[in-house]
There are 2 protein chains.
Amino acid sequence: MARPKTYNRQEAVVKACKAFWEHGYQALGVRELERLTGLNQFAIRTDFGGKEGLYLEAMRFYADAAIATAMPPLRAGGIPAIVAFLRNLVTVGSMTSSPWGCLVVNTGIENARVQSGRLTEAVAYYWDALETHFKLALEIAQDSGDLPNDVEIDGLAKGLVAGVMGVHATNRSENSNTAGTDLVEILCGHLTLLRAS
Amino acid sequence: MARPKTYNRQEAVVKACKAFWEHGYQALGVRELERLTGLNQFAIRTDFGGKEGLYLEAMRFYADAAIATAMPPLRAGGIPAIVAFLRNLVTVGSMTSSPWGCLVVNTGIENARVQSGRLTEAVAYYWDALETHFKLALEIAQDSGDLPNDVEIDGLAKGLVAGVMGVHATNRSENSNTAGTDLVEILCGHLTLLRAS
DNA sequence: TCTATTTCTATACATTCGCATAGAAACAGT
DNA sequence: ACTGTTTCTATGCGAATGTATAGAAATAGA
């Protein structure tokens, strides 16, 4: 009944995600975006709502992929799961490790003063999810006696989220998967010391 | 002998610094830059080398101000000086605290894939200075017996730098001077635990 | 094969970008 | 006052921005 699309939507979103991840939002023009995603301008406008719409969909994909893949182990893993999660941030080949840092961190910084509302929401959504997962892991650690009960969990979870942002920021700034390693080791070491005390 | 300039160079650089700090590099056009700094396009081009030249001078100003004011206490202060430095990052009114995060962090992330060489250099210059100062403070802590000698100082200093980046990234992302507080407390707490162990 | 529907390609749009230039304006020295 | 020098204002440049649109192309069903 109609001319078929020349692209696969999922693949296009994945490519758009990588493109924005690497180049940022403003620095990536629509014409180069076509080239990198295989989409045409008409499709970007009609099917995705323009450049910003595609960006939002790419963010959603990025966030959901991390939430569905990297975070679940935290739900029942206690401190070892947190340590594993943090180490993955600086492990070559890991899904959450990249010389481009993290799309959500990059977005939060690049668009902090522009924030289109929908962008702010997408960024907050991701960090809330991570904070919640950290909190779950810490609660399990306390319940199993692996972490003293006098440790203030809410602040610790928030602090770990900020630490994750620092790891990603360092990785991107130095264009290396492993630049944030020393911070990861501080965070892991701190969790270990809390456990012992 | 000539028509006097209508602006004060120092003041203009300070204003440009704040403008780039808040809005980022790409998002800030030359015409709005004129408005925010009091400079005219001719002066931006002739006296500063265009938009990028002014940006570099603003970065240099920002870095030198921090190096000259915020870092010196680290040179002889040991761990308490580190703790004070970190707390300042999330203290309203402190020079190193801002809802816009840190100009160098923002630059490192926004321009990570563009890097004009001179920008990369300016970013690296700043973090090298901070790392060196952290190392000095940690050495003093070890020499005075305040920190065990088996603590690996180089990695710790690097990790603290990454932590500082995380604090700034969090502050900017949440548009708050104090959003990174929990990470600061983790870092300070870790230093304290290292001291005790 | 013809039609209806959807997507594609190609082009054009107004706006903005940073930068450049020409002429007016403001001084110091004579 | 006049001159020489520098800086200012005003305007314009080509290129790039994201978006819009018109007509060609490709399909399914009749």
Rounded to whole angstroms, how far apart are [atom1] on [X] and [atom2] on [N]?
X	N	atom1	atom2	value
A:E34	C:dT11	CD	C1'	13 Å
A:D47	C:dT7	CG	C1'	9 Å
B:L28	C:dC17	CG	C1'	12 Å
A:N40	C:dT11	CG	C1'	14 Å
B:Q26	D:dT17	CD	C1'	13 Å
A:K5	C:dT6	NZ	C1'	8 Å
A:E52	D:dT17	CD	P	17 Å
B:Y7	D:dC8	OH	C1'	11 Å

Is it the case that D:dG18 (base atoms only) and A:R45 (side chain only) share a donor and an acceptor within less than 3.5 Å, ignoring hydrogens and angles? no
First encountered from the 5' end of DNA chain D, between B:P4 and B:Q41: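 The residue mapped nearer the 5' terminus is B:P4.
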What class does the angle between the rings of A:H190 and B:H190 fall in, given that below 30° is parallel, 30 to 60° is tilted and above 60° is perpendicular? perpendicular
Is the cationic atom of A:R9 (NZ for Lys, CZ for Arg) positioned less than 6.0 Å from the six-membered ring centroid of A:F48 and within 45 degrees of its normal?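 Cation-pi check for A:R9 and A:F48: passes.
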If you check the A:K51 side chain, which of D:dG18, D:dA20, C:dC19 turns out closest?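 For the A:K51 side chain, the nearest candidate turns out to be D:dG18.
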The side chain of A:R3 is closest to which nucleotide in this list: D:dA25, C:dC19, D:dC8? D:dA25
Just do the side chain to side chain donor-acceptor pair (under 3.5 Å) check on B:Y55 and B:T107 with the steps written out, would you? CA-CA 10 Å; B:Y55 190 60; B:T107 303; 2.6 Å; yes
Let me confirm one number: the NZ-CZ distance from A:K15 to A:F20, rounded to the nearest 0.5 Å. 14.5 Å
On DNA chain C, does the nearest nucleotide to A:F42 precede the nearest nucleotide to B:I44 from the 5' side, or the other way round? Give the residue.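 With A:F42 and B:I44 compared, the 5'-side residue is A:F42.
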Residue whose nearest DNA chain C nucleotide is more 5′ - A:A43 or B:R31: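 It is A:A43 whose nearest nucleotide is closer to the 5' end.
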Check whether any side-chain heavy atom of A:R87 sits under 4.5 Å from a side-chain heavy atom of A:E185, and report yes or no. yes
What contact category does [X] fall into here, base, sugar-phosphate, or nothing, at under 4.0 angstrom with non-hydrogen atoms?
X	answer
B:L54	nothing
B:T6	sugar-phosphate
A:L39	nothing

